[in-house]
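Some notes on the structure that comes next.
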Amino acid sequence: MSVRCYCLIIALYATWPVVGNTSSDGGQATLLPPYKDDISHRPATVDIGVISGRRQLVVMANSKVIFNSTTGWNKTAEELSYSLRMFVFSQHTGQLLTERAFNTTNHPQSMAVHPFLESLANGRILVVGIKTDALLNLPRVTRKFLQNMGLSSYELLLYRNYMAGILSVGGKTIAEATVYDSTIMTTGLYGTPVMIQATIPLLPASSCSWLSGAWSPRRKFCSEFDGYGELCDCDCDTPAALNWTPIPLPETTLQGTPLLIIGGNRPSSLYRCIMTVLGQPGGTKSHTLVSLDGRYPEVIALLELLEIPYVIHERPANKGKDVGLRISTHYLFSLKEVFRIFPDTTNAIVLEEDLLISPDFFNYFSQTSWLLEADESLYCISAWNDLGAMHTSRDRQKLMRIETHPGYGWMLTRTFFQEVTTEWDTLHQEHDWDIWFRSPQIRRGRECVIPAVSRSFHYGITGAHVNGVLTLAHFSGHIVSAQEDVQFETQSMLQPEYEKQIYAALLDSSVVFMNSTLHPCNKAYLPKNFTDGVLIIGFEMLTAEDYSSWGRLAGCNGLWNMDSRGHHNGLFRFTFYNTTVFAIGYPFSEYSWLIPPGVHVIRTMSGKQELDEISRLVSMNRMRFRVPDLEKFAPALLLQKANPAPEFVVIT
Ligand SMILES: *[C@@H]1O[C@H](CO)[C@@H](O)[C@H](O)[C@H]1NC(C)=O
Ligand SMILES: *[C@@H]1O[C@H](CO)[C@@H](O)[C@H](O)[C@H]1NC(C)=O
Ligand SMILES: *[C@@H]1O[C@H](CO)[C@@H](O)[C@H](O)[C@H]1NC(C)=O
Ligand SMILES: *[C@@H]1O[C@H](CO)[C@@H](O)[C@H](O)[C@H]1NC(C)=O
Ligand SMILES: *[C@@H]1O[C@H](CO)[C@@H](O)[C@H](O)[C@H]1NC(C)=O
Ligand SMILES: *[C@@H]1O[C@H](CO)[C@@H](O)[C@H](O)[C@H]1NC(C)=O
Ligand SMILES: *[C@@H]1O[C@H](CO)[C@@H](O)[C@H](O)[C@H]1NC(C)=O
C-alpha cells in the first residue's frame with residue numbers, strides 16, 4: 001500500500017497551493033501546560049469488540065463500553081438510530097480519538113463519509129459498524145471507497161444486512177464480519193446481527209516521527225484527536241505545516257484588514273477553511289480572527305496548535321432554543337470584537353468555517369474594497385454569486401451589483417457596522433440575522449458587489465438552514481475561480497456607470513426577446529448556445545420579494561429558486577451555458593418598459609402540483625445540468641464520480 005500523503009484540501013482541489021514551512025514543527029511548548037502522555041507506560045495491545053445489528057450497535061475497547069445504542073423493541077428509537085458509525089482509535093495508545101455517525105438514508109450524509117475517511121491519519125485504527133440500516137441509499141462511490149479501504153463486505157452488502165469491521169487506515173484489514181442475506185429484499189425482515197472481537201498490537205512511539213520526537217504541541221494534539229489528514233500523519237514524509245509563510249499579495253489595499261471566521265464546533269471544517277485562507281496570497285495568521293460560539297475543547301486545541309487568534313462567545317444556558325437569535329448574537333459579538341481588536345481598520349472580511357476560498361479571494365477584495373468608500377449606494381462586497389452554478393457562470397472577470405446580501409465571504413465597513421449596531425443590540429426576539437440584514441430599514445436601498453464566478457465555496461453538508469438536498473441541488477455545483485491574478489474593471493460598479501452599462505446592454509440592437517409559449521422546464525425553452533446577443537426573458541414579479549414566477553424560471557433551469565435573491569432592480573443576470581440571459585421581473589423592474597408589447601412573460605406557477613414537480617426536478621440539478629469541461633474541477637464527491645481527482649477551475 002502506497003503512502004497516502006495529501007492533506008484534506010489537496011484531496012479536493014489538487015491545484016490549490018498549500019505552502020508552509022515544514023521544517024519547523026511548533027516549538028512553542030511554553031505556551032501550554034506540560035503534557036504527560038503515557039507513551040512509555042502504554043499497554044501493548046487493545047481489545048476491540050463490535051456488535052452490529054438491527055437493535056444494537058455496541059463498541060467496546062479493553063472491556064470498556066465506548067458506544068452502546070440498544071433500542072430493544074422500540075420502533076421510534078430504532079428509526080432515529082439508523083446509521084453507519086465509525087470510531088477512530090490511536091494506534092499508539094488505543095484511545096478513542098474521534099467518532100462519527102452518518103445517517104445514510106440521507107444522501108448528502110452518505111456523501112460526507114468519504115471526506116471523513118480521507119481526513120484520517122494513516123495508521124489509525126478504524127472501527128465500522130451498522131445500526132439498523134446503512135445500505136439504503138448508500139451511493140456507489142461511498143460503497144466503493146469503503147471497499148477500497150479494506151472493507152470487502154461493501155461489495156455485496158444489502159439493505160438491512162450487518163457488518164462489523166476493524167482496519168488500519170492506509171494499511172491492512174484487521175477483522176471483518178458480515179452475513180449476506182438476500183431474502184431481506186423480499187421478506188422485508190432484518191439480517192442476522194454480527195459480532196467481532198480482535199486483539200490489536202499497539203505500535204511503539206518510535207514508529208512515528210512526531211510522536212517519538214521531542215515533546216511538542218503537535219504530539220499532544222495528535223494523541224487526542226483525528227480528522228486532520230497529514231497534520232497528524234506519521235507515515236507522511238512532509239507532514240502538514242504548522243507555520244505558514246504568508247504569500248504576499250502584490251499591491252494589496254488590504255493591509256490591516258482583518259479576516260473574521262465565524263466558527264462553531266466543527267473543527268475539521270474550520271481546519272480546512274484556515275488552510276485555504278493561509279495558503280492564498282494575502283492570507284496571514286496575524287490578521288485572521290476566529291470567533292467561536294462556545295468553548296469547544298477540540299476546536300480550541302486546534303487553534304492553539306495553529307496559533308490562530310480567537311475569541312469565544314459563551315453559549316447561553318438555554319442552548320437549542322432560538323437558534324436564529326443565538327447565531328445573530330454571535331455575529332454581533334464577533335463583529336464588535338473584530339473592530340475592537342483591530343482598532344485601525346476601516347473594513348473587515350467575514351467568512352464562515354464551512355467555506356473554502358479561492359486563490360484570488362484577497363485579490364478580489366483588494367481591488368473592489370475602494371468601492372465601499374466611494375459609493376454610498378453600496379453596503380457590502382461579497383465573494384459569492386447565488387446564481388453562480390457551473391452551468392450559469394463562466395466569466396471570472398465579470399462583476400455585478402445586487403440588492404440582496406449573499407454572505408459567504410463578504411466585506412463590510414466599520415461605518416456601516418456602527419450604523420446598524422444600535423438597532424442590532426435591541427433585537428432580542430428570534431430572527432434570522434441575514435434576513436434582518438437585507439431588510440429595507442437596514443439596507444436602505446443599498447447594494448452589494450459580487451463576482452459572476454464565486455470566490456468562495458460552500459462546503460457545509462448541513463447547517464442551521466442548509467439541509468442535504470439543498471446542498472446537493474444548489475451548492476455542490478458552484479464553481480470557484482482558480483487564477484490568482486485576475487484584473488477586475490471596478491469603475492463600472494459605481495452606481496451611475498453601472499446603470500449606463502445595463503442600459504447599453506439592454507438597448508443594444510443585438511438583444512433578442514424570448515417569446516416562447518413553452519414551459520420553462522421544457523428542454524427546448526432556453527437555448528444553451530445562443531451567442532448572437534443578449535437574450536431577454538420577461539417574467540411576472542410584483543414586488544422585490546415576489547418569486548412566484550422567478551421560481552418557475554429558476555427552478556426549471558438549475559438556478560437558486562427559493563426566494564428572489566441576486567437581482568438588481570428586478571433584473572437577474574446569468575449565462576445559461578453560452579447564452580447570456582437578462583431576466584426582467586415585470587412590472588416590478590425598472591427595466592420592464594423595455595419588454596415589447598405582445599411578448600410572452602412567464603406567469604406564476606399553476607399550483608401545488610407544479611411546485612412539487614419543480615422541487616423534484618431541483619433535487620436533480622446536478623444530474624440535469626452537466627458541464628463536462630468544468631465538472632472535473634468541482635468537488636467531485638457531490639457529483640458521484642467514482643474516482644475523484646478534482647482540481648480548481650481555470651476558465652479560459
Ligand atoms: C522555516 O522556519 C525556520 C525556523 O523558524 C527558519 O529558519 C527557516 O528559514 C524557515 N524556512 C522557510 C523556507 O521559510
Ligand atoms: C447496552 O445498553 C442496554 C440498554 O441500556 C443494556 O441492556 C446492555 O447491557 C448494554 N450493553 C452493554 C454491552 O453494556
Ligand atoms: C422509544 O424511544 C423514543 C425515542 O428515544 C422515546 O421518546 C420513547 O419514550 C420510547 N418509548 C418507549 C415505550 O420506551
Ligand atoms: C435520517 O435521514 C432521513 C432522510 O433524510 C430522515 O427521514 C430521518 O429522520 C433521519 N434520521 C435521523 C435520526 O436524523
Ligand atoms: C460553449 O462554447 C464553447 C466555445 O465556443 C463550446 O466549446 C461549447 O461546446 C459551447 N457549449 C454549449 C453547451 O453550447
Ligand atoms: C456553440 O457555438 C460555438 C460558436 O458558434 C460553436 O463553436 C460550438 O460548436 C457550439 N456548440 C454547440 C454544442 O452547439
Ligand atoms: C409572440 O408570440 C405570439 C405567438 O405565441 C405572437 O402572437 C406574438 O405576435 C409574438 N410577439 C412578438 C412581439 O413577436
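Worth saying up front: this structure is predicted, and the values here are computed from it rather than measured. Start at 1 and go down the list; that is how both ligands and their atoms are numbered.
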Establish whether [atom] and some protein heavy atom are separated by less than 4.0 angstrom.
| atom | result |
| --- | --- |
| atom 14 (O) of ligand 2 | yes |
| atom 7 (O) of ligand 3 | no |
| atom 11 (N) of ligand 2 | yes |

- Could you say whether the N/O atoms of Thr76 and ligand 3 ever approach to under 3.5 Å?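 It does not: no N or O of Thr76 is found under 3.5 Å from an N or O of ligand 3.
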
- Message: Quick check: Gly598 and ligand 7, any N/O pair under 3.5 Å apart?
- Response: yes

Ignoring hydrogens and geometry, is there a side-chain-to-backbone donor-acceptor pair from [X] to [Y] under 3.5 Å?
| X | Y | result |
| --- | --- | --- |
| Thr575 | Asn578 | no |
| Asp226 | Ala121 | yes |
| Thr173 | Leu167 | no |

- Exactly one of Phe102, Phe87, Tyr228 clears ring pair (Phe, Tyr, Trp, His ring centres under 6.0 Å) with Phe116, and that residue is Phe102

Measure the distance from [atom] to every protein heavy atom, then report the residue, atom name and distance (to 0.1 Å) of the closest one.
| atom | value |
| --- | --- |
| atom 4 (C) of ligand 2 | Thr70 CB, 4.0 Å |
| atom 1 (C) of ligand 7 | Asn515 ND2, 1.5 Å |
| atom 9 (O) of ligand 3 | Asn74 ND2, 4.8 Å |
| atom 5 (O) of ligand 7 | His600 NE2, 3.2 Å |

- Task: For the residue pair Ser548 and Glu540, confirm or rule out a side-chain donor-acceptor distance under 3.5 Å.
- Result: no

- Which ligand 7 atoms are under 4.0 Å away from a heavy-atom of Thr517?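 By the 4.0 Å cutoff, the relevant atoms are 5 (O).
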
- Subset of ligand 7 atoms that lie under 4.0 Å from at least one heavy atom of Val599: 13 (C)

- Message: Show the atoms of ligand 2 that are less than 4.0 angstrom away from any heavy atom in Val65.
- Response: 14 (O)

- Asn68: numbered ligand 2 atoms lying under 4.0 Å from its heavy atoms: 1 (C), 2 (O), 3 (C), 8 (C), 10 (C), 11 (N), 12 (C), 14 (O)

- Regarding Arg160 and the six-membered ring of Tyr190, is the cationic atom NZ or CZ under 6.0 Å from the ring centre and inside 45° of its axis? yes

- Message: Counting only heavy atoms from other residues, nucleotides and ligands, does the tally under 6.0 Å from CD of Glu314 exceed 12?
- Response: yes

- Message: Taking OH in Tyr586 as the centre, count heavy atoms belonging to other residues, nucleotides or ligands within less than 6.0 Å. Is the count above 12?
- Response: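 Atom OH in Tyr586 is not crowded, with 12 or fewer foreign heavy atoms closer than 6.0 Å.
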
- Calculate, to the nearest 0.5 Å, the distance between atoms OG and CG belonging to Ser83 and Asp133 respectively.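 So the gap between those two atoms works out to 10.0 Å.
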
